[in-house]
Amino acid sequence: MQLHEWTQDPKQAIILQKQLASRVEKNDRLPDKINFVAGVDIGFEKQGEDTITRAVIVVLNYPTLQVVDYALHREPTRMPYIPGLLSFREVPAAIAAYQKLKQQPDLLMVDGQGIAHPRRLGVASHLGLWLDKPTLGVAKKRLCGKHPELPPQKGSHVPLEDKGEIIGTVLRSKDNINPLYLSIGHRISLQTACNWVNACLTKYKLPEPTRQADRLASRRVPEEQIFKEWQIL
DNA sequence: GCGACAG
DNA sequence: ATCTTGTCGC
């Protein structure tokens, strides 16, 4: 943690993104064997005037995809949502949640873009750099770039391109359901990132790591019920 | 200037 | 992201 990885000022944040983007590793540099894959997602709770940021990280065993650990961290929201500067709003809370984990993951799948970003530094890349961990981005919507239409069948995929550069892959993870936007986060190639997402897909649109994190972060499922399902201690 | 715009 | 009811389709 030599250089500051965060700022609250939008102007400085953009400058910082450009610097950090050059440090993102787009080639594979992950453990020989991946035993634990994590899902990261952030939710928000209204608290009258202000809001609380709720960061969740769930660690699953691979290939069983069973949840073996998780961490939840809540803190006052520090920044408003500004397209292109999402990581400055979410990453600090994610770091705090990560430090609460007992089981460190080998790879993290983050809800949002990796380098499929105007300045090539989406939330997945920012988090990966900060933690110096392999990460990949799994977004439900496009931030930038363009791509051809893709078939409605699960498994179909097309490249996401921006300014003559392939920045990600648009993947249909389920029949007739809007596709996912996958991209390199840090220390992983696009091909390997896509392979891991595919390896973690079951019957739902989202791969298990982020699907489980999303359920807890968004509070769509009572926390008490989730505990019973996961059966972890 | 106009439209787009992760979560 | 969050606020929110019913509704169409596999």
Side-chain angles (χ1 to χ4, degrees), chain A residues 6 8 10 13-14 17 20-21 24 39-58 72-95 97 108-129 135-147 151-155 160-163 167-186 190 193 197 202-207 209-221:
Chain A
W6 188 82
Q8 204 163 20
I14 290 177
Q17 289 184 318
L20 296 175
V24 171
V40 184
D41 190 35
I42 282 70
F44 298 87
E45 306 170 21
K46 275 193 172 181
Q47 291 285 296
E49 197 72 356
D50 293 296
T51 69
I52 292 296
T53 296
R54 185 188 177 90
V56 172
I57 298 184
V58 179
L72 192 164
H73 175 77
R74 298 168 75 252
E75 63 171 44
T77 301
R78 327 185 182 196
M79 263 189 81
Y81 167 66
I82 300 174
L85 299 183
L86 179 68
S87 68
F88 292 85
R89 173 176 164 85
E90 305 190 333
V91 173
I95 294 292
L108 294 91
M109 295 182 22
V110 186
D111 187 325
Q113 316 288 352
I115 64 170
H117 175 284
R119 290 171 293 283
R120 309 293 183 260
L121 196 86
V123 59
S125 297
H126 198 162
L127 182 62
L129 277 172
T135 62
L136 65 88
V138 180
K140 295 180 287 298
K141 291 181 179 177
R142 179 190 67 83
L143 173 58
C144 69
K146 54 185 176 58
H147 65 83
Q153 290 72 38
K154 172 180 179 177
L160 177 62
E161 184 186 315
D162 184 48
K163 299 172 182 174
I167 59 174
T169 296
V170 186
L171 170 72
R172 189 80 71 182
S173 56
K174 182 174 181 183
D175 284 347
N176 299 73
I177 295 299
N178 291 156
L180 293 178
Y181 295 76
L182 315 179
S183 57
I184 290 172
H186 183 50
L190 181 58
V197 168
T202 59
K203 61 189 296 192
Y204 307 100
K205 171 179 181 176
L206 298 176
T210 52
R211 190 179 78 85
Q212 294 298 345
D214 178 78
R215 291 206 305 158
L216 188 52
S218 66
R219 300 195 299 175
R220 281 170 147 138
V221 180

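Computed from heavy atoms alone, side chains included, the values below leave out hydrogens, waters and symmetry copies. The sequence lines fix the lettering, A, B, ..., with proteins before strands; numbering per chain opens at 1.
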**Item:** Contact residues, residues 209-221 of chain A to DNA chain B [heavy atom, < 4.0 Å]
**Value:** none
**Fill in**
Between CG of A:Asp41 and C1' of C:dA1 the distance, given in whole Å, is 9 Å
**For DNA chain C, stems built from three or more consecutive Watson-Crick or G-U wobble pairs below 3.5 Å** = none
**Prompt:** Can you tell me how far P of C:dA1 sits from CZ of A:Arg74, to the nearest Å?
**Reply:** 18 Å
**Prompt:** Any salt bridge (Lys or Arg N to Asp or Glu O under 4.0 Å) pairs touching residues 168-186 of chain A, not counting sequence neighbours?
**Reply:** none
**Item:** Residues that A:Lys141 engages under salt bridge (charged side-chain N to carboxylate O under 4.0 Å, His left out), provided they are two or more places apart
**Value:** none
**Request:** For A:Lys140, answer base if it contacts any base atom (sugar-phosphate contacts may also be present), sugar-phosphate if it contacts only those atoms, and nothing otherwise; contact means non-hydrogen atoms under 4.0 Å.
**Result:** sugar-phosphate
**Prompt:** Excluding sequence neighbours, so at least two apart, what forms side-chain hydrogen bond (donor to acceptor under 3.5 Å, both in side chains) with A:Thr53?
**Reply:** A:Thr77
**Complete:** Protein heavy-atom contacts under 4.0 Å, written 5' to 3' over nucleotides 4-10 of chain C as B (base), S (sugar-phosphate only) or - (none), form the string -------
**Request:** List for me each residue that meets side-chain hydrogen bond (donor to acceptor under 3.5 Å, both in side chains) alongside A:His186, sequence neighbours excluded, and say none if there are none.
**Result:** none
**Over all atoms of both residues, closest heavy-atom pair of A:Ile52 and A:Gln47** = CG1-CG, 3.3 Å
All N/O donor-acceptor pairs, side-chain side in residues 81-91 of chain A, below 3.5 Å, sequence neighbours left out:
from: A:Ser87; atom 1: OG; to: A:His126; atom 2: ND1; distance (Å): 2.7
from: A:Arg89; atom 1: NH1; to: A:Met79; atom 2: O; distance (Å): 2.6

**Request:** Would you indicate what A:Arg89 reaches in the nucleic acid, counting non-hydrogen atoms under 4.0 angstrom: base, sugar-phosphate, or nothing?
**Result:** base
**A:Gln113 CD - C:dA1 P separation (whole Å)** = 13 Å
**Request:** Give A:Asn176 one of three labels, base, sugar-phosphate or nothing, depending on what nucleic acid heavy atoms sit under 4.0 Å from its own.
**Result:** nothing
**Request:** Select base, sugar-phosphate, or nothing to describe what A:Leu85 touches, counting heavy atoms under 4.0 Å on all strands.
**Result:** base
**Prompt:** Once Watson-Crick and G-U wobble pairs under 3.5 Å are found, how is DNA chain B written in dot-bracket notation, 5' to 3', with | for any base paired to another strand?
**Reply:** .......
**Request:** Mind checking side-chain hydrogen bond (donor to acceptor under 3.5 Å, both in side chains) for A:Arg142 and listing every partner two or more places apart, or none if nothing turns up?
**Result:** none
**Prompt:** Is A:Arg215 paired with A:Asp41 through a side-chain N to carboxylate O contact shorter than 4.0 Å?
**Reply:** no
**Asked** Does anyone know the first and last nucleotide of DNA chain B in reach of chain A, 5' to 3', at under 4.0 angstrom to a heavy atom?
**Response** B:dA4 to B:dG7
**Prompt:** Hey, does A:Phe44 reach any base, or is it just sugar-phosphate, or nothing, if we go heavy atoms under 4.0 Å?
**Reply:** sugar-phosphate
**Request:** Look at all strands and tell whether A:Glu45 reaches a base, only sugar-phosphate, or nothing, counting heavy atoms closer than 4.0 Å.
**Result:** nothing
**Request:** Only counting residues at least two apart or in another chain, list the ones meeting side-chain hydrogen bond (donor to acceptor under 3.5 Å, both in side chains) with A:Arg54.
**Result:** A:Glu45, A:Glu223
**Asked** Can you tell me how far CG of A:Asp214 sits from CG of A:Leu206, rounded to the nearest 0.5 angstrom?
**Response** 6.0 Å
**Message:** What contact category does A:Gly137 fall into here, base, sugar-phosphate, or nothing, at under 4.0 angstrom with non-hydrogen atoms?
**Reply:** nothing
